[in-house]
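Comments concern the structure below.
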Amino acid sequence: MGFAHNNVLHQNHFRKDWQLRVRTWFDQPGRKLRRRQARKTKAAQLGVRPLTLLRPAVHAQTVRYNRKVREGRGFTLAELKEAGIGKKEARGVGIVVDHRRRNLSEEGKAVNVERLKVYKARLIVFPRNAKKPKKGDTTGDELKAETTRLNLPIPDPYVAEAPRQITDEEREFQAYRTLRNERAIARHEGARKVREAKAEEEASKKK
């Protein structure tokens, strides 16, 4: 191999023990099995408790994803108060509390309050001592009721509508033109106010 002109001479290093620096993943099937066994062991230890904690239904962030409803971090203190559940009691019965979150809409708050009320109605709290049940423990025939370990599903934010005919008013409505007009009105609002104030001032001077 020849070299032309004033180029750099190659100094190739091929003996760097690269086999010692390669990350292998041969234990993937074994890890998968261990994770599955750990999940089964944990589920058995939980007894009849739900497999997951109860979390609120929240809208995802940003304009691109805010139409999507997903599980949030925890319920707000206002939601717990309206549902009649204390924050310490909530942590004891599998409800996650997030003291930082704030409710930005009444609709979102109502959805999570209803979620808490449904959970509370379905909740069965087994007493530590059956002969001396404490306040809040379930008693009587409710202890024999059928239980489920699945948590409440996230509510569907959209209500399905039956098919219908498009009205003449909807057909004639120009959505894009309306949006552009509203944006133009908002954009020129300040200039319009200045112009009106100037016209009033000139009119008062003429009088």
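The structure presented is a predicted model; accordingly, all values stated were derived computationally and were not measured.
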- Quick one: side chain to side chain contact (heavy atoms under 4.5 Å, CB included) partners of R122, sequence neighbours excluded?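 R122 satisfies side chain to side chain contact (heavy atoms under 4.5 Å, CB included) with V118, T148, L152 only.
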Mind checking the [atom1]-[atom2] spacing from [X] to [Y]? Nearest 0.5 Å is all I need.
X: F75; Y: I95; atom1: CZ; atom2: CD1; answer: 6.5 Å
X: L80; Y: H99; atom1: CG; atom2: NE2; answer: 12.5 Å
X: R55; Y: L53; atom1: CZ; atom2: CG; answer: 6.0 Å
X: N112; Y: K117; atom1: CG; atom2: NZ; answer: 12.5 Å
X: R195; Y: R192; atom1: CZ; atom2: CZ; answer: 6.5 Å
X: L54; Y: N151; atom1: CG; atom2: CG; answer: 5.0 Å

- Task: Report the hydrophobic cluster partners of I154, with the cluster defined as I, L, V, M, F, W, Y residues connected by side-chain heavy atoms closer than 4.5 angstrom, directly or transitively.
- Result: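 Direct or chained contacts put I154 with V69.
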A quick test of your reading: do over 12 heavy atoms of other residues, nucleotides or ligands sit less than 6.0 Å from [atom1] of [X]?
X: Q174; atom1: CD; answer: no
X: L33; atom1: CG; answer: yes
X: E170; atom1: CD; answer: yes
X: E169; atom1: CD; answer: no
X: N12; atom1: CG; answer: yes
X: R183; atom1: CZ; answer: no

Heavy-atom closest contact ([X] atom, [Y] atom, distance):
X: P56; Y: G74; result: CG-O, 3.2 Å
X: Y119; Y: P50; result: OH-CG, 4.2 Å
X: A78; Y: N103; result: CB-OD1, 3.9 Å
X: R164; Y: E161; result: NE-OE1, 4.5 Å

Taking the side chain as every heavy atom from C-beta outward, state whether [X] and [Y] have any atom pair closer than 4.5 Å.
X: R36; Y: K32; value: no
X: K120; Y: V93; value: no
X: V97; Y: L77; value: yes
X: V58; Y: R101; value: yes

- Spell out, yes or no, whether I85 and L123 are grouped together once hydrophobic residues are joined by side-chain heavy atoms under 4.5 Å, including indirect joins.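 As far as the 4.5 Å side-chain criterion goes, L123 and I85 are connected within one cluster.
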- Item | Verify same cluster id: V96, V113 (apolar side-chain graph, 4.5 Å) |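 Not linked; separate clusters.
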Sidechain-backbone polar pair: [X] side chain, [Y] backbone, donor-acceptor under 3.5 Å:
X: R67; Y: H59; result: no
X: R23; Y: R21; result: no
X: R115; Y: P153; result: yes
X: D98; Y: R73; result: no
X: K81; Y: K87; result: no

Got a salt bridge between [X] and [Y], using NZ or NE/NH1/NH2 to carboxylate O under 4.0 Å?
X: R177; Y: E182; answer: no
X: K109; Y: E79; answer: no
X: K205; Y: E202; answer: no

